[in-house]
Amino acid sequence: MSDQARRAHVAHQFDDRQQQNEVGRLGMWLFLATEILFFGGLFTAYLVMRYKWPEAFAVANEKMNVPLGAINTGVLLTSSLTMALGVRATQLGSRKGAFWLIIATIVFGLAFLGIKGIEYAEKFREGLWPGTNFTFEGPAARQVESFFSLYFMMTGLHALHMLVGVGIMSVVAVMLWRGAFSPEYYAPVEIGGLYWHFVDIIWIFLFPLLYLIHPHW
Amino acid sequence: MQGLTSDHIVPVKVYFAVAGGLYLLLILTVAISLIDLGSLNIVAALAIAVAKMLLVVLFFMHVRWSSRMVWLFASGGLVWLAILFMLTMADFLSR
């Protein structure tokens, strides 16, 4: 391979493709570290509130739709599988295969958001949206309201990340369709995939913390 | 650990095995939540969540085949999160 062909996708500041890929990958992991702390504030609030009001959290938990939450977890795990397979297909130069796997990832992502929407509508109907429409009555109504504040903030921030992920994957799908990637150059697919898997991991923790609460510590 | 190797191609069956493991852990975490284990419920739920996270990080996110630098960056965020949790709870648990 001529030197020019070897450096076709390498920016001038890098020695070679390996170094360029490693730098891109590290940049994404650094961004994900800041994302952990972005969600970390909400997880800390959860930790403190559950420590202070374990009974209220258990009461609020009875209002959660566990089957829908579990199905949504399965949907998101499947989207991570198609994502990983999509990166693999790009690495192997299977343009069409990669395109359809990324489309499948987007469809699973949208299915997740749709199911989440059904759950949100359910919560609105039951008067569990915090504020003046909060109609839940019980021994610890204020604390239960705080739980639902957290629930909507954590799942809402997660859903926002899902939307961003769907946007990124839509761009990746268009680029794949146009033949922008090859076994020599697929960094946007790989790095976009890291983001997608990260959002999946956030949900892996949200599911047991928000849906599967027992009254003990 | 393979230095700067960026083109590690993972066999399809590895990805399917990891996905199978993730589904099993999902079923397990729901099943365990249906029985009352006292304070062990939260321990089991979080242990399973961590196991699922490791499967995704190591295999789907390729960290298993990534450089030491990626390992450092990937664990760095969790270290800072642990500091956030510890300092906050050091206050609440000692009031």
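Bear in mind that the values here come from a model prediction, so they are computed numbers and not experimental data. To find a chain, count down the sequence lines: A is the first, B the second, and so on, and within it residues start at 1. Every heavy atom of this structure was used, including side-chain atoms; hydrogens, water molecules and symmetry mates were not.
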Segment of [X] engaging chain A (4.5 angstrom heavy-atom cut-off):
{"X": "Leu55(B)", "value": "neither"}
{"X": "Thr88(B)", "value": "side chain"}
{"X": "Ile27(B)", "value": "neither"}
{"X": "Val50(B)", "value": "both"}
{"X": "Val12(B)", "value": "both"}
{"X": "Leu93(B)", "value": "both"}
{"X": "Ala19(B)", "value": "side chain"}
{"X": "Leu81(B)", "value": "both"}
{"X": "Met69(B)", "value": "both"}

Sequence neighbours excluded and cut-off under 3.5 Å, please list the side-chain donor-acceptor pairs for residues 54-64 of chain A, or say none.
residue: Asn61(A); atom: OD1; partner: Ile213(A); partner atom: N; Å: 3.3
residue: Asn61(A); atom: ND2; partner: Leu210(A); partner atom: O; Å: 3.2
residue: Asn61(A); atom: ND2; partner: Tyr211(A); partner atom: O; Å: 2.9

For residues Phe16(B) and Leu81(A), report the shortest heavy-atom separation together with the two atoms involved.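 Residues Phe16(B) and Leu81(A), closest heavy atoms: CE2-CD2, 3.9 Å.
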
Chain A: which of Val56(B), Ile9(B), Leu78(B), Leu22(B) shares the most heavy-atom pairs with it under 4.5 Å? Ile9(B)

If we define contacts as heavy-atom pairs under 4.5 Å, which of Phe92(B), Phe59(B), Trp80(B) has the most with chain A? Phe92(B)

Using heavy atoms and a sub-4.5 Å threshold, report which of residues 192-207 of chain A line up against chain B, by residue number. Leu194(A), His197(A), Phe198(A), Asp200(A), Ile201(A), Ile204(A), Phe205(A), Phe207(A)

Could you name the residues of residues 27-38 of chain A that have a heavy atom within less than 4.5 Å of a heavy atom in chain B?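 Interface residues of residues 27-38 of chain A: Trp29(A), Leu30(A), Leu32(A), Ala33(A), Ile36(A), Leu37(A).
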
Mind ranking Leu85(A), Leu92(A), Val48(A), Thr73(A) by heavy-atom pairs under 4.5 Å with chain B and telling me who comes out on top?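 Among the listed options, the one with the most contacts to chain B is Val48(A).
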
At a heavy-atom distance under 4.5 Å, which candidate from Ser80(A), Ala70(A), Gly69(A) has the highest pair count against chain B?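 Looking at each of Ser80(A), Ala70(A), Gly69(A) in turn, Ser80(A) comes out on top.
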
What residues, two or more places apart in sequence or in another chain, satisfy side-chain contact (heavy atoms from CB on, under 4.5 Å) together with Arg95(A)? none

Backbone N or O of Ser33(B) within a donor-acceptor pair of the His214(A) side chain at under 3.5 Å?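 Side chain of His214(A) to backbone of Ser33(B), a donor-acceptor pair under 3.5 Å: yes, one is there.
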
